[in-house]
Amino acid sequence: MKQQYDVIVIGGGHAGCEAAAAAARAGAKTLLATHRLDTIGEMSCNPAIGGLGKGHLVREIDALDGVMGRVIDQAGIQFRMLNRSKGPAVRGPRAQADRKLYRNEMQRLLGAYENLDIAALTIQDFLVRTVSRETSPAVVGVKAADGTEVGARAVVLTTGTFLNGVIHMGERRIPAGRATTRADDSVEPPALGLSERLYGLGLAMGRLKTGTPARLDGRTIDWDALESQPADARPVPFSFMNDAITVPQIACAITGTTSETHRIIEENLSKSAVYGGAIAGRGPRYCPSIEDKVVRFADRDAHQIFLEPEGLDDPTVYPNGISTSLPEEVQAAFLKTIPGLEAAAVFRYGYAIEYDYVDPRALDATLQVAVAPGLFLAGQINGTTGYEEAAAQGLIAGVNAARRAAAGGGGFAPFRFDRSEAYIGVLVDDLITHGVSEPYRMFTSRAEYRLTLRADNADQRLTPLGIEAGIVGADRSEVFHVKQKALNSARAWASGAGLTPNEAAKHGLKLNQDGRRRSVSDLLSLPNVGLEDLAKIWPEIDEMPESVAEQLAFDALYAGYLQRQEADIVAFKRDEALALPADLDYGAIKGLSNEVRQKLIAARPETIGQASRLEGVTPASMAIVLAWVKKVAPKRAS
Ligand code: FAD
């Protein structure tokens with residue numbers, strides 16, 4: 001470890017790993033400082049990556065040469081494509097991980113990274129210095145609990161659930177960042193000093209909570225009594241660098257709560273940390289605790305539980321769907337009422353955790369804190385939940401921190417995506433524009449341009465931008481260009497080759513008898529025609545690499561919709577290009593209502609587009625702001 005780095009990343013979770021890797025790829029001398037080296041890449045809760053919306057984020061991270069996709073491809077023990085029966089735009093790749101394999105592979109990959117040092121340090125504070133060209137004091141390094149001081153031009157903070165974290169289990173409160181994965185009662189320590197420092201910076205902060213279920217001994221579960229859920233027959237890798245998955249695949253099982261489970265939970269609600277009033281923070285609406293489900297959906301007499309083995313050579317089973325903060329004895333009682341778990345032994349009981357988060361409206365689109373230049377925040381600390389959301393932010397913060405460092409600690413060209421380019425853009429824009437009132441998770445429904453932003457085409461959309469930004473390595477560049485070449489010639493062929501309805505009929509393909517000749521691309525856009533049908537007519541299709549043929553089919557399927565969406569995207573981009581000066585005096589703009597004025601002052605949007613997405617900001621008020629920026633503001637400045 002040196003005494004001075006370009007970028008220091010605090011935290012070796014999902015945001016931290018991706019931030020450190022991204023900063024290093026961007027050319028910054030980077031230090032990843034985290035509590036313990038053996039917990040780098042640890043999955044604090046469910047051992048799974050991807051899912052609806054989340055899988056899109058992983059593909060985008062991968063397209064930018066990030067690490068998450070490649071790691072899960074080496075650690076996934078049950079790959080499933082969610083929503084397979086629906087259109088490709090809303091399909092969600094998901095893989096359940098072998099927890100140990102995931103951690104080990106992440107540690108191996110980062111250990112081999114150029115430009116990246118890794119150190120076990122507990123960071124307690126930042127080094128702060130007033131730099132003349134910046135109005136607020138800048139963060140210029142970190143101070144560890146053992147007194148070590150390390151300087152940097154930018155610091156990325158990714159402390160997850162550790163910031164002032166408190167574990168709740170019934171009436172027990174334990175200051176902690178999370179429980180360890182060891183089968184004892186040990187916990188990892190919370191980050192207290194950093195929390196105080198962030199409050200000291202005057203940032204708006206709050207409390208959020210999340211929870212996890214008990215971990216069970218799989219050898220004591222009655223698997224034969226349960227419905228089995230196998231992996232996909234042909235697992236689809238997350239990474240565009242991989243053609244196949246070689247990790248052995250396993251089956252999970254499905255069970256559910258019973259009316260007896262619900263009775264026990266209802267009778268003991270007052271002992272739950274959440275319902276007993278001990279926790280003030282809000283939890284993730286889409287990942288509710290079992291006590292939440294029993295109360296909110298009182299008419300349901302069963303809730304599904306997925307029993308997910310945590311590893312190939314690990315007997316631990318994660319019962320997905322019953323996270324809880326009830327006391328141990330209540331958990332033990334209700335587990336016995338669940339089919340298949342009647343005799344299940346418990347390795348460790350579930351708990352809830354409450355932690356500090358920073359209102360992400362304090363950040364700009366590079367995830368830098370406006371009042372603390374040089375400090376970037378990524379992950380759960382920004383009010384999100386989930387490994388994928390954390391990793392996506394880590395990548396953005398890491399690249400921008402590296403850019404700030406390269407610019408000598410001053411202004412730099414932001415690395416960002418807008419909402420029409422990437423789910424990552426949607427995520428960051430939602431956070432910095434609207435803030436959060438509950439843990440934020442990604443869904444396909446959050447992306448208005450989701451027909452364009454598909455998981456299958458993430459490389460097409462983003463790898464060229466990553467190459468331009470200098471964060472894509474030579475191997476991936478090569479793979480991308482080879483695929484691109486094959487895709488271009490496949491597209492050219494598919495728009496040339498074709499047949500008439502009469503010719504189609506000879507091959508058993510029924511088309512509208514309108515006499516019109518249709519190209520292969522036209523044919524693939526028809527809902528009842530697939531690649532397999534056309535491969536019987538044109539053997540060229542079977543000779544194409546599978547990823548190329550599939551891309552051809554998906555692009556054709558969406559071509560009509562995309563043309564229509566194009567006009568919306570052009571209008572959206574026009575508003576995004578209209579930048580609002582950072583020092584714009586909203587108080588001086590005449591004609592704005594007080595409510596709109598206050599919203600604009602609080603949010604300080606970077607563009608007209610971002611301003612118009614603020615709740616309650618009307619198109620009329622945007623017209624007033626725009627007119628002011630064009631005419632009055634420049635005159636005043638001169
Ligand atoms: P983390 O993965 O928490 O990583 C933080 C890292 O920072 C760790 O490596 C830690 O050691 C390090 N660190 C912290 N403080 C310091 C310091 N002062 N000095 C040095 N290093 C430090 N997500 C879901 O999507 N659904 C769920 O249901 C869910 N339930 C959860 C339940 C529990 C009990 C917990 C703990 C988490 C849960 N999560 C859930 C959240 C999920 O774990 C996080 O979203 C994800 O891990 C966030 O990644 P991160 O990188 O922001 O932080």
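The analysis underlying the following values was restricted to heavy atoms, covering all of them including side chains, and did not include hydrogens, waters or symmetry mates.
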Open item on the list: For the CG atom on Asp514, are there more than 12 heavy atoms of other groups (residues, nucleotides or ligands in this structure) within a distance under 6.0 Å?
Closed with: yes
TODO: Could you tell me whether Glu308 and Arg94 have a side-chain N and a carboxylate O separated by less than 4.0 Å?
DONE: yes
TODO: Decide if atom NZ of Lys100 counts as having more than 12 heavy atoms of other residues, nucleotides or ligands within a radius under 6.0 Å.
DONE: no
Open item on the list: For the OH atom of Tyr5 and the CG atom of Asp117, what is their distance to the nearest 0.5 Å?
Closed with: 3.5 Å
Task: Sole candidate of Arg84, Gln78, Gln249 that passes side-chain hydrogen bond (donor to acceptor under 3.5 Å, both in side chains) when paired with Asp232 - done: Arg84
Open item on the list: Using a strict threshold of under 4.0 Å (side-chain N to carboxylate O), is an ion pair present between Asp314 and Arg99?
Closed with: no
- [ ] Determine which pairs satisfy side-chain hydrogen bond (donor to acceptor under 3.5 Å, both in side chains) with at least one residue from residues 530-541, sequence neighbours left out, and list them in order.
- [x] none
- [ ] Please lay out, stage by stage, how Arg517 and Asp522 fare under the test salt bridge (Lys or Arg N to Asp or Glu O under 4.0 Å).
- [x] CA-CA 9 Å; Arg517 183 179 185 280; Asp522 293 336; over 6 Å; no
Task: Exercise: identify the closest heavy-atom pair between Ala390 and His14 - done: CB-CB, 4.2 Å
Task: Distance, nearest 0.5 Å, that separates CG of Leu524 from CG of Leu534 - done: 5.0 Å
Open item on the list: Please check: side-chain N/O of Trp223 versus main-chain N/O of Gly218, any donor-acceptor pairing under 3.5 Å?
Closed with: yes
Task: Residue pairs involving residues 492-502 (criterion side-chain hydrogen bond (donor to acceptor under 3.5 Å, both in side chains); sequence neighbours excluded) - done: Thr500-Glu503
- [ ] Test side chain to side chain contact (heavy atoms under 4.5 Å, CB included) on Ile305 and Asn320 and set out the steps.
- [x] CA-CA 5 Å; Ile305 302 168; Asn320 194 342; 5.7 Å; no
- [ ] Applying side chain to side chain contact (heavy atoms under 4.5 Å, CB included) between Phe376 and each of Val155, Val9, Val156, Val399, report the one that passes.
- [x] Val156
Task: Side-chain H-bond candidate by donor/acceptor type, Asp459 with Thr463, under 3.5 Å - done: no
Task: Salt-bridge contact Asp38-Arg103 (side-chain N to carboxylate O under 4.0 Å) - done: no
TODO: Give the minimum heavy-atom separation between Gln610 and Glu576, together with the two atoms involved.
DONE: N-OE2, 3.5 Å
Open item on the list: Taking Lys483 first and then Glu478, would you say they form a salt bridge - that is, a charged N and a carboxylate O separated by under 4.0 Å?
Closed with: no
Open item on the list: Apply side chain to side chain contact (heavy atoms under 4.5 Å, CB included) to residues Leu427 and Thr384 and explain how you reach the verdict.
Closed with: CA-CA 9 Å; Leu427 167 71; Thr384 58; 4.3 Å; yes
Task: Any donor-acceptor pair under 3.5 Å from Asn400 side chain to Phe415 backbone - done: yes
Task: Under 3.5 Å side-chain donor-acceptor pair for Asp568 and Tyr449 - done: no
- [ ] Kindly indicate, with the supporting measurements, whether the criterion side chain to side chain contact (heavy atoms under 4.5 Å, CB included) is fulfilled by Arg613 and Arg419.
- [x] CA-CA 11 Å; Arg613 289 191 290 279; Arg419 303 180 71 89; 3.6 Å; yes
Task: Shortest non-hydrogen contact between Pro360 and Gly435, atoms and distance - done: CG-CA, 4.0 Å
TODO: Taking only Lys NZ, Arg NE, NH1 and NH2, and the carboxylate oxygens of Asp or Glu, determine whether Lys573 and Asp418 approach each other closer than 4.0 Å.
DONE: yes
Task: Basic-acidic side-chain contact under 4.0 Å: Arg416, Glu606 - done: yes
TODO: Indicate the atoms forming the closest heavy-atom contact of Leu431 with Asn382, along with that distance.
DONE: CD2-O, 4.1 Å
Open item on the list: Does Gln513 have more than 12 heavy atoms from other residues, nucleotides or ligands lying within 6.0 Å of its CD?
Closed with: yes
Open item on the list: Ring centres under 6.0 Å, that's the criterion: do Phe306 and Tyr318 meet it?
Closed with: no
Task: Rounded distance [0.5 Å steps], CG in Asp73 versus CE in Met241 - done: 11.0 Å
Task: Straight-line distance of Arg574 CZ to Ile569 CD1, nearest 0.5 Å - done: 13.5 Å
Open item on the list: Distance check, rounded to the nearest 0.5 Å: Thr444 atom OG1 versus Leu451 atom CG?
Closed with: 10.5 Å
- [ ] Just say parallel, tilted or perpendicular for the rings of Tyr561 and Tyr558, cut-offs at 30° and 60°.
- [x] tilted
Task: Val247 versus Ala75, closest heavy-atom pair with distance - done: CG2-N, 4.1 Å
Open item on the list: What I want to find out is whether Arg454 reaches Asp456 closely enough, with some N-O distance under 4.0 Å, to be called a salt bridge.
Closed with: yes
Open item on the list: If you define the side chain from C-beta out and look only at heavy atoms, does anything of Leu465 sit under 4.5 Å from Leu462?
Closed with: yes
If you look only at distance, which donor and acceptor atoms sit under 3.5 Å apart when one is on a side chain in residues 53-71 and the other is two or more places apart or in another chain?
from, atom 1, to, atom 2, distance (Å)
Lys54, NZ, Glu388, OE1, 3.1
Lys54, NZ, Glu389, OE1, 3.0
Lys54, NZ, Glu389, OE2, 3.3
His56, NE2, Ala89, O, 3.0
Arg59, NE, Phe238, O, 2.8
Arg59, NH1, Ala455, O, 3.4
Arg59, NH2, Pro237, O, 2.8
Glu60, OE1, Tyr423, N, 3.0
Glu60, OE1, Ile424, N, 2.9
Glu60, OE2, Tyr423, N, 2.8
Glu60, OE2, Arg461, NH1, 2.9
Glu60, OE2, Arg461, NH2, 3.2
Asp62, OD1, Ser239, OG, 2.9
Asp62, OD1, Arg476, NH2, 3.0
Asp62, OD2, Ser239, OG, 3.2
Asp62, OD2, Phe240, N, 2.7
Asp62, OD2, Arg476, NH1, 2.9
Asp65, OD1, Arg70, NH2, 3.4
Asp65, OD1, Arg476, NE, 2.6
Asp65, OD1, Arg476, NH2, 3.3
Asp65, OD2, Gly473, N, 2.7
Arg70, NH2, Asp65, O, 3.3
Arg70, NH2, Gly66, O, 3.3

- [ ] Would you kindly check if the NZ (Lys) or CZ (Arg) of Arg441 is within the cone defined by 45 degrees around the ring axis of Phe443 and under 6.0 Å from the six-membered ring centre?
- [x] yes
Open item on the list: For the CD atom of Glu421 and the CG atom of Leu453, what is their distance to the nearest 0.5 Å?
Closed with: 9.0 Å
- [ ] Walk me through it: do Asp6 and Lys29 pass the test salt bridge (Lys or Arg N to Asp or Glu O under 4.0 Å)?
- [x] CA-CA 5 Å; Asp6 294 329; Lys29 294 271 173 244; over 6 Å; no
Task: Passing option when Arg25 is tested against Thr30, Leu395, Asn115 for side chain to side chain contact (heavy atoms under 4.5 Å, CB included) - done: Leu395
TODO: Work out which heavy atom in Val7 is nearest to a heavy atom in Ala23; give both atom names and the distance.
DONE: CG1-CB, 4.0 Å
Open item on the list: Is there a side chain to side chain contact (heavy atoms under 4.5 Å, CB included) between Arg518 and Leu499? Walk through the geometry before answering.
Closed with: CA-CA 6 Å; Arg518 288 175 175 79; Leu499 39 61; 5.6 Å; no
TODO: Report yes if some heavy atom in the side chain of Ile40 is under 4.5 Å from a heavy atom in the side chain of Thr34; otherwise report no.
DONE: yes
